[in-house]
Amino acid sequence: MILFEAMNAGKQIDGADILNNITIQIAEGEKVAIVGHNGSGKSSLLKLIGGIYENTSGQVKREKFITGYVPEHFPENIRFTIKEYLLLIGKMSGKTEGEIIKVIYDYSELFSITAYLNTPLKNCSKGTKQKAGIIQAMLTPPELFLLDEPLTGLDEPAQKQMLNILNSFNQRTSIVFTAHESLLVDGLAERVITIANGTILSDEKKRINEKIYMIKAIVPNKEIVSTIDCVHMKYQEGNIIEWMVFAEQSDEVLIKLLNNGCKIIELKEKR
């Protein structure tokens, strides 16, 4: 199913063209990266896809779907605490307060911000605000997830956790994001749109030719998790963890696991 389609669409603000002749489709389940230099129009294209911007020329068609949106810059001077803000956003979905609080605490633990839940957002660091912005977009599982530079302000463990979360989404969820970092483009995107001066230069499917290995191991403690560079990671029963890693990283990962007392129980090529 096509969620979004633009045909020769353009957008003007105050008489200036910020998007020109945009012709693209976004299908259900696609993982799309939008790349380009600062000021190229990446954020504007993301907003056009999400309906935050309406086209001023050409044609745009959107299906009805649940959208989660993570802006690059979190609004300043919000006096709510993180918990109060997330509860307010969550209640718009119609869920009970108990259901919302459980989701808030689950994601807060993943992003290591539980200690800041009762801190006013205006007093939080850029990284903590970014994490709160990501959580608010996931309180109701989105069908289309739009992220504008989602790794900005996040430390390395949080960046890896973000990649892991996005890779664990339902396969029918469409994810469109802008990024400078290669982590999300390499580890998530199946398609890359390059934009410059508000115009799409290229729109290409990624060549999936790099091997990926699955490494499953029993770990003595979970401190090792944040030290492993991977495409995807998931917990299984007990202390068993499964990693997806690029082939070129596999030897290094295996050595690190063994040196930290882990027991390798399965290794196989996945792609």
Side-chain angles (χ1 to χ4, degrees), residues 1-36 38-76 78 85-86 88-95 103 129-130 132-152 162 165-166 169-179 184 188-201 203:
M1 180 175 70
I2 303 299
L3 297 183
F4 172 84
E5 183 175 12
M7 292 160 284
N8 300 315
K11 175 66 178 176
Q12 283 190 343
I13 295 181
D14 296 330
D17 292 321
I18 60 172
L19 292 173
N20 302 285
N21 298 317
I22 300 297
T23 298
I24 57 169
Q25 291 182 337
I26 304 295
E28 182 181 57
E30 279 198 292
K31 309 297 184 283
V32 183
I34 301 173
V35 300
N38 289 336
S40 60
K42 300 191 303 295
S43 297
S44 297
L45 179 54
L46 199 71
K47 290 176 181 178
L48 181 71
I49 293 169
I52 300 168
Y53 282 168
E54 291 294 343
N55 55 303
T56 50
S57 62
Q59 294 181 311
V60 164
K61 297 179 182 178
R62 296 184 190 89
E63 293 294 328
K64 292 182 178 180
F65 41 76
I66 299 170
T67 302
Y69 174 63
V70 180
E72 180 179 5
H73 300 292
F74 200 85
E76 298 293 334
I78 293 180
Y85 171 76
L86 293 176
L88 181 65
I89 297 297
K91 285 179 179 178
M92 296 179 185
S93 68
K95 291 183 178 179
V103 176
K129 289 178 182 176
Q130 183 74 351
I134 292 168
I135 292 170
Q136 64 83 21
M138 298 192 296
L139 291 175
T140 299
E143 296 167 302
L144 175 63
F145 200 16
L146 305 174
L147 305 100
D148 198 355
E149 301 289 349
L151 302 187
T152 301
M162 187 70 230
I165 289 170
L166 292 174
F169 268 43
N170 187 306
Q171 289 186 350
R172 295 178 64 182
T173 302
S174 301
I175 301 175
V176 185
F177 61 92
T178 68
L184 281 185
L188 178 67
E190 302 164 342
R191 175 182 168 195
V192 179
I193 295 172
T194 303
I195 188 169
N197 299 318
T199 301
I200 292 176
L201 298 183
D203 182 355

Looking at [X] and [Y], what are the two nearest heavy atoms and their distance?
X	Y	result
Lys31	Asn170	NZ-O, 4.4 Å
Val70	Gly133	CG2-O, 3.9 Å
Ala33	Ala189	CB-CB, 3.7 Å
Ile2	Ala27	CD1-CB, 4.0 Å
Pro150	Ile134	O-CD1, 3.8 Å

Point-to-point distance, once rounded to the nearest 0.5 Å, from [atom1] of [X] to [atom2] of [Y]:
X	Y	atom1	atom2	value
Thr56	Leu48	OG1	CG	9.0 Å
Ile18	Ser43	CD1	OG	10.0 Å
Ile49	Ile26	CD1	CD1	4.5 Å
Gln25	Met7	CD	CE	8.5 Å
Tyr53	Leu46	OH	CG	11.0 Å
Ile34	Ile24	CD1	CD1	6.5 Å

*asked:* side chain to side chain contact (heavy atoms under 4.5 Å, CB included) for Leu151 and Leu184? Distances and angles first, verdict last.
replied: CA-CA 9 Å; Leu151 302 187; Leu184 281 185; 3.8 Å; yes
*Dump the intermediate steps for side chain to side chain contact (heavy atoms under 4.5 Å, CB included) on Val32 and Ile175, then the final yes or no.*
CA-CA 6 Å; Val32 183; Ile175 301 175; over 6 Å; no
Just by modelled atom types, is the [Y] backbone N or O under 3.5 Å from a matching donor or acceptor in the [X] side chain?
X	Y	result
Gln136	Tyr69	yes
Ser57	Ala9	no
Gln130	Glu149	yes

*Before giving the answer on side chain to side chain contact (heavy atoms under 4.5 Å, CB included), spell out for Ile193 and Val35 the whole-Å C-alpha distance, their side-chain angles and the decisive distance to 0.1 Å.*
CA-CA 6 Å; Ile193 295 172; Val35 300; over 6 Å; no
*By ring pair (Phe, Tyr, Trp, His ring centres under 6.0 Å), which residues pair with Tyr85, not counting sequence neighbours?*
Phe74
*Of all residues at least two apart in sequence or in a different chain, which pass the ring pair (Phe, Tyr, Trp, His ring centres under 6.0 Å) check with Phe169?*
Phe145
Please tell me if the side chains of [X] and [Y] come closer than 4.5 Å, counting only heavy atoms from C-beta onward.
X	Y	result
Phe4	Leu144	no
Ile195	Leu19	yes
Ile200	Thr23	no
Thr173	Gln171	no
Leu45	Ile22	yes
Ile66	Thr140	yes
Ile165	Met138	yes

_So, applying side-chain contact (heavy atoms from CB on, under 4.5 Å) with Asn20, which one of Asn8, Asn197, Thr199 is it?_
Thr199
*Give a yes or no on whether a salt bridge exists between Glu143 and Arg172, defined as a side-chain N under 4.0 angstrom from a carboxylate O.*
no
_Out of the candidates Lys47, Arg62, Lys11, only one should pair with Glu54 under the salt bridge (charged side-chain N to carboxylate O under 4.0 Å, His left out) rule; please name it._
Arg62
*Could you go step by step and tell me if Lys91 and Ile89 meet the side chain to side chain contact (heavy atoms under 4.5 Å, CB included) rule?*
CA-CA 6 Å; Lys91 285 179 179 178; Ile89 297 297; over 6 Å; no
